[in-house]
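Residue numbers start from 1 in every chain, and the chains themselves are labelled A, B, ... in the order their sequence lines are given, proteins ahead of strands. Note that these values count all heavy atoms, side chains included, but never hydrogens, waters or copies made by symmetry.
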Protein chains: 2
Amino acid sequence: MSPLTESTFFILLSLVPGAQHGYAIMQQVAQLSDERVTLSTGTLYTALKRLLDDGWIEQVEEPDAPRGRKTYRLTPSGRTAVHEETARLVSLSELARRRLEGAQ
Amino acid sequence: MSPLTESTFFILLSLVPGAQHGYAIMQQVAQLSDERVTLSTGTLYTALKRLLDDGWIEQVEEPDAPRGRKTYRLTPSGRTAVHEETARLVSLSELARRRLEGAQ
DNA sequence: TAACGACATGTCGCCAATCGACATATGGAG
DNA sequence: CTCCATATGTCGATTGGCGACATGTCGTTA
């Protein structure tokens, strides 16, 4: 399992509490990251396509959805991936802190 | 300041305690990451070149160095970058944990 | 009513970085 | 002498992000 890119990780993170559509994901990522990560539409929609292909997200059928809005939710595999990536980030940041503090 | 790739971050981390040459960096990254990250030579030497260009590492002149060995050390900018990236990882991993635990 | 900005999805081409494969050369051990 | 660890490097393919462009709706307001 290779490390996720920051964009991909934020997209998955924004879907953790529940399903959302693309544009809302974009806004939430900006909010979550305190405006530090602002996804371009190019990044967002190609990432969503890739995540669908990988089976990490799936489209939710919503009959009452306005216009051409498409809503996505995490699959179990996607949720596992978020957990694994979070574990990687935690161990990596702890390793880095130890190194910077001088303790091997 | 965009996020560093995992490879680049590990290379910089391995130089935190002191100067090293390329091959030793490769071995230390493998050891630091518990064999999870094994840099190919392609990744290593192109990354070192890039880091030199960016002024994050510099070559150390060693008259007693055996063969064509080249030793590198962190510059002040490079050290700053490691600190900033570590801070980013810490805040990101904390954000992720909060999200997964359901709080916000 | 016309214009504007927010909402909403999508494609395209460029660029940056990783990876595996290949190339080259030295030193030491068996 | 052959093999392996040491040591540096290039090249081409692939992946992913980004900015620009394209298209269309909806609500507000001048």
Report yes if a side-chain nitrogen or oxygen of [X] is closer than 4.0 Å to either non-bridging phosphate oxygen (OP1 or OP2) of [N]; otherwise report no.
| X | N | result |
| --- | --- | --- |
| Arg69(B) | dT6(D) | no |
| Arg50(A) | dT15(D) | no |
| Thr5(B) | dT18(C) | yes |
| Lys49(A) | dT9(C) | no |
| Thr8(B) | dT18(C) | yes |
| Ser7(B) | dT18(C) | yes |
| Thr43(A) | dC18(D) | yes |

[X] has an atom [atom1]; how far is it from atom [atom2] of [N], in whole Å?
| X | N | atom1 | atom2 | value |
| --- | --- | --- | --- | --- |
| Ile11(B) | dA17(C) | CD1 | P | 12 Å |
| Phe9(A) | dG17(D) | CZ | C1' | 18 Å |
| Tyr23(A) | dT9(C) | OH | P | 9 Å |
| Tyr45(B) | dC11(D) | OH | C1' | 16 Å |
| Leu4(B) | dG17(D) | CG | P | 16 Å |
| Gln59(A) | dA8(C) | CD | P | 15 Å |
| Asp53(A) | dT15(D) | CG | P | 12 Å |
| Asp54(A) | dG16(D) | CG | C1' | 12 Å |

*Could you say whether Ala24(B) or Gly42(B) is positioned toward the 5' end of DNA chain D, judged by the nucleotide with the nearest heavy atom to each?*
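Per heavy-atom nearest nucleotide, the more 5' residue is Ala24(B).
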*Is the base of dG17(D) touched by the side chain of Ser40(A) through a donor-acceptor pair closer than 3.5 angstrom?*
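Check fails, no donor-acceptor contact within cut-off.
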*Ignoring hydrogens and angles, are the base of dG10(C) and the side chain of Thr41(A) linked by a donor-acceptor pair under 3.5 Å?*
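For Thr41(A), whose side chain was compared with the base of dG10(C), there is a donor-acceptor pair (under 3.5 Å).
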*What pairs with Gln59(A) under side chain to side chain donor-acceptor pair (under 3.5 Å), at least two apart in sequence or on another chain?*
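Checked Gln59(A) against side chain to side chain donor-acceptor pair (under 3.5 Å); zero matches.
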*Candidate nucleotides dC7(C), dT6(D), dA8(C), ranked by approach to the side chain of Gln27(A) - the nearest*: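 Closest of the options to the side chain of Gln27(A): dC7(C).
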*Taking side chain as C-beta onward, heavy atoms only, is Thr5(B) less than 4.5 Å from Thr8(B)?*
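The answer is yes; the side chains approach within 4.5 Å.
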Side-chain donor/acceptor pairs under 3.5 Å, residues 10-27 of chain B, sequence neighbours excluded:
| residue | atom | partner | partner atom | Å |
| --- | --- | --- | --- | --- |
| Ser14(B) | OG | Ile11(B) | O | 3.0 |
| Gln20(B) | NE2 | Ser14(B) | O | 3.0 |
| Gln20(B) | NE2 | Gln28(B) | OE1 | 2.8 |

*Decide whether Ser40(B) and Thr43(B) meet the rule of one side-chain donor and one side-chain acceptor closer than 3.5 Å.*
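Distance-only check passes for Ser40(B) and Thr43(B).
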*Give the minimum heavy-atom separation between Tyr72(B) and Val60(B), together with the two atoms involved.*
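That would be C-CG2, 4.0 Å.
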